[in-house]
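Note sheet for the following structure.
Numbers here simply count residues along the sequence, with the first being 1.
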Amino acid sequence: MTPNFTPFTLSLRDRDYVLDSPKVMGIVNVTPDSFYSKSRTFDVDSLENRVSAMVEEGVDIIDLGAYSTRSGADEVSPDEELVRLKRGIEVVKRLAPEVPVSIDTFRASVAKACVDDMGADIINDVSGGTLDDGMAATVAQLGVPYVLMHMRGTPATMQQFTDYAGGVVTDVVTDLKEKMDHFRKLGCKQVILDPGFGFSKTLRQNYELMNGLAAFHELSAPLLVGISRKSMIYRLLDTTPDESLEGTTVLNTVAMLAGAHILRVHDVRAAVEARTILMELHKTTE
C-alpha cells in the first residue's frame, strides 16, 4: 500500500480478515442525537437506506453505535442501548451478511450480549476500558478484536484533561501501550489502537497527533483513525460538520500515507475513492 503500511490479520468469529490495505469502516449511529445529523438512523427504514448505500459504495466494516459521545448527549441505559444495537445488527446481518459488524460501546455487558447473542464481530470502545473495569476480561473471554481508543475522563469531562507533559504524541503512545499490555495480560490478543482524535485533545494537539502517527507503529498493532467531520476540521476552517467532507478526505489521505489500517468514516464513497487513488499511485512506484 505505502512504505508505512504493515499488513495484519484479524481473527473474526467465522474467518480470518486480512488488513492488507486500509479498510473503510462506515459509521451507523442508531441514535437521535449524534453530532453529525446525517449519520442518525434511528428507525429501520433509515437504517436500511444507510446500510444499503454503504454497501454499494464499498464499505469494508460497519460500526454500529447507540450511545452518542458528543458533549451534552442524553444518557442511554444499557437496556435501551441493546435495543437500538439489536435493531442495527439485524439490518446489517440481513442486508450485508458478509460485512463485519463492529459495536461502538464502552459497556462490557453490552459488548458481551452483542457478540454472544447477536453475532457482532468487533468491539470498539471509546474509553479504552476506563469506563467499565470489566471490559478487558470480557473481551478476552469473547475472543474478538477490540479497538482500544485513547481518552481521558468521560465524554462530558474529557476536554478538561488536555495537559500532556511529555507531548501529546509521546504521552498517548505510552498510555495506549500500558493499556494494551493490560488487555493482553488478561488474554485479549487482538488489540487495534485508536489515538482518539477529538477526545481529550485541543485543536492543535489533534494535528500534532496526526503528524506523529508513525510513532504508533512502534506498538506493533493495527491502527484505526477516526477524524470524520470532527471539530478539528470544522473549527479550523470555521465551517460546520455538514461542510467538512473535503477536510475529512484530506486527513484520511494523510492517515493512509502514515500507514493507518482502518478509517472510521461517515462518507464511505469518498474514503474508498481516496484509497483507490493512493493504491494506484503506489503501483507506479513499484
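- A side chain to side chain contact (heavy atoms under 4.5 Å, CB included) with C114 is found for exactly one of L142, V144, L82, namely L82.
- R275 places a side-chain N or O within 3.5 Å of a backbone atom of P22 that can act as its donor or acceptor partner.
- Separation of atoms OH (Y146) and CD1 (I122) is listed at 13.5 Å; rounding is to 0.5 Å.
- Under a 3.5 Å cut-off, the side chain of S127 and the backbone N or O of L131 do form a donor-acceptor pair.
- Closest non-hydrogen pair, G65 versus T31, comes out as O-CG2, 3.8 Å.
- Using a 4.0 Å cut-off between charged nitrogen and carboxylate oxygen, E273 and R269 count as a salt-bridge pair.
- Ion pair K283/E280 flagged as a salt bridge, since at least one NZ, NE, NH1 or NH2 atom sits closer than 4.0 Å to an Asp/Glu carboxylate oxygen.
- Closest of all the heavy-atom pairs between N206 and G198 is OD1-N, 2.8 Å.
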Under the side-chain hydrogen bond (donor to acceptor under 3.5 Å, both in side chains) criterion, do K179 and H150 qualify, and how do the steps go? CA-CA 9 Å; K179 288 185 171 67; H150 177 271; 5.9 Å; no
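- At distances below 3.5 Å, at least one donor-acceptor pair connects side-chain atoms of D60 with backbone N or O atoms of V24.
- Looking at E178, its side chain never comes within 3.5 Å of a backbone N or O of D175 through a donor-acceptor pair.
- In this structure, the side chains of L257 and L278 come closer than 4.5 Å at one or more pairs of heavy atoms.
- K230 contributes atom NZ, which lies 8.5 Å from atom NE2 of H266 (distance to the nearest 0.5 angstrom).
- Interatomic distance, CG of L245 versus OG1 of T239, reported as 11.0 Å (0.5 Å rounding).
- A single hydrophobic cluster is seen to contain both V169 and F197, as judged by linkage of ILVMFWY side chains at heavy-atom distances under 4.5 Å, directly or through other members.
- Of all non-hydrogen atoms in R264 and I27, the two that sit nearest each other are NH1-CD1, 3.5 Å.
- Residues V28 and M54 have side chains in contact (heavy-atom distance under 4.5 Å, counting atoms from C-beta outward).
- Distance alone, capped at 3.5 Å, is enough to place a donor-acceptor pair between the K201 side chain and the P195 backbone.
- Side-chain contact between T154 and T157: present, with at least one pair of heavy atoms (C-beta onward) separated by less than 4.5 Å.
- Note that OG1 of T276 and CE of M279 are 7.5 Å apart. Values are rounded to the nearest 0.5 Å.
- Hydrophobic cluster membership is shared by M135 and L85, with clusters built from Ile, Leu, Val, Met, Phe, Trp and Tyr side chains linked at under 4.5 angstrom.
- For the pair V225 and L251, the minimum side-chain heavy-atom distance is 4.5 Å or more.
- D63 is not listed as a side-chain neighbour of I103, based on a closest heavy-atom distance of 4.5 Å or more.
- Comment: R13 does not engage D116 in a salt bridge, judged by the lack of any side-chain N to carboxylate O separation of less than 4.0 angstrom.
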Assess the residue pair T249 and E246 against the criterion (side-chain hydrogen bond (donor to acceptor under 3.5 Å, both in side chains)); give the C-alpha distance rounded to whole Å, side-chain angles, the decisive distance to 0.1 Å, and a yes or no. CA-CA 5 Å; T249 302; E246 292 83 356; over 6 Å; no
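- A 4.5 Å side-chain heavy-atom check between F106 and T130 finds every atom pair outside the cut-off.
- Remark: of the listed residues V91, V99, L64, V91 is the sole one forming a side chain to side chain contact (heavy atoms under 4.5 Å, CB included) with V51.
- Of the possible donor and acceptor atoms, none in the side chain of E81 sits under 3.5 Å from a partner among the backbone N and O of V110.
- Hydrophobic clustering (side-chain heavy atoms under 4.5 Å, transitive across Ile, Leu, Val, Met, Phe, Trp, Tyr) groups V268 together with V30.
- A donor-acceptor distance shorter than 3.5 angstrom exists from the side chain of D132 to the backbone of A108, with no hydrogens or angles considered.
- The closest donor-acceptor contact from the side chain of Q205 to the backbone of V168 lies at 3.5 Å or more, if one exists at all.
- Under the 3.5 Å distance criterion, the side-chain polar atoms of D171 are matched with a main-chain donor or acceptor of G166.
- To the nearest 0.5 Å, atom OG of residue S11 and atom CG of residue D16 are 5.5 Å apart.
- Shortest non-hydrogen contact noted between L19 and H261 is CD1-CB, 4.2 Å.
- Electrostatic pairing of K177 and D181 counts as a salt bridge here, judged by a charged N lying under 4.0 Å from a carboxylate O.
- Linking Ile, Leu, Val, Met, Phe, Trp and Tyr residues whenever their side-chain heavy atoms come within less than 4.5 Å leaves L12 and I89 in two separate clusters.
- Atoms OH and CG, on Y234 and L203 in that order, are 10.5 Å from each other to the nearest 0.5 Å.
- Within the 4.5 Å cutoff, side-chain heavy atoms of V101 are placed close to those of K93.
- A pairwise comparison of heavy atoms in T248 and S228 identifies CG2-CA, 3.7 Å as the closest pair.
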Test log, rule side chain to side chain contact (heavy atoms under 4.5 Å, CB included), inputs V265 and M25: CA-CA 6 Å; V265 304; M25 173 187 277; over 6 Å; no
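- Residues P145 and D121 form no side-chain contact, since every pair of their non-hydrogen atoms from C-beta on lies 4.5 Å or further apart.
- Listed for the Y17 side chain is no donor-acceptor partner under 3.5 Å among the backbone atoms of P100.
- Of all heavy-atom pairs spanning S52 and L95, the tightest one is OG-CD1, 3.5 Å.
- More than 12 heavy atoms of other residues, nucleotides or ligands sit less than 6.0 Å from atom CG of D14.
- Taking the ring axis of Y164 as reference, the NZ or CZ atom of R152 stays within 45° of it and closer than 6.0 Å to the ring centre.
- Between E80 and R84 there is a salt bridge, since at least one side-chain N of the basic residue sits less than 4.0 Å from a carboxylate O of the acidic one.
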Criterion side chain to side chain contact (heavy atoms under 4.5 Å, CB included) on L10 and I192, from CA distance to verdict: CA-CA 10 Å; L10 302 176; I192 300 164; 3.9 Å; yes
Between V115 and M118, is the side chain to side chain contact (heavy atoms under 4.5 Å, CB included) condition met? List the steps. CA-CA 6 Å; V115 173; M118 304 178 200; over 6 Å; no
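- Remark: R229 engages D267 in a salt bridge, criterion side-chain N to carboxylate O under 4.0 Å.
- Follow the hydrophobic side-chain contacts under 4.5 Å out from L193 and you reach I123 in the same cluster.
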Take I227 and N252 through the side chain to side chain contact (heavy atoms under 4.5 Å, CB included) test and state the conclusion after the steps. CA-CA 8 Å; I227 49 79; N252 279 334; 3.5 Å; yes
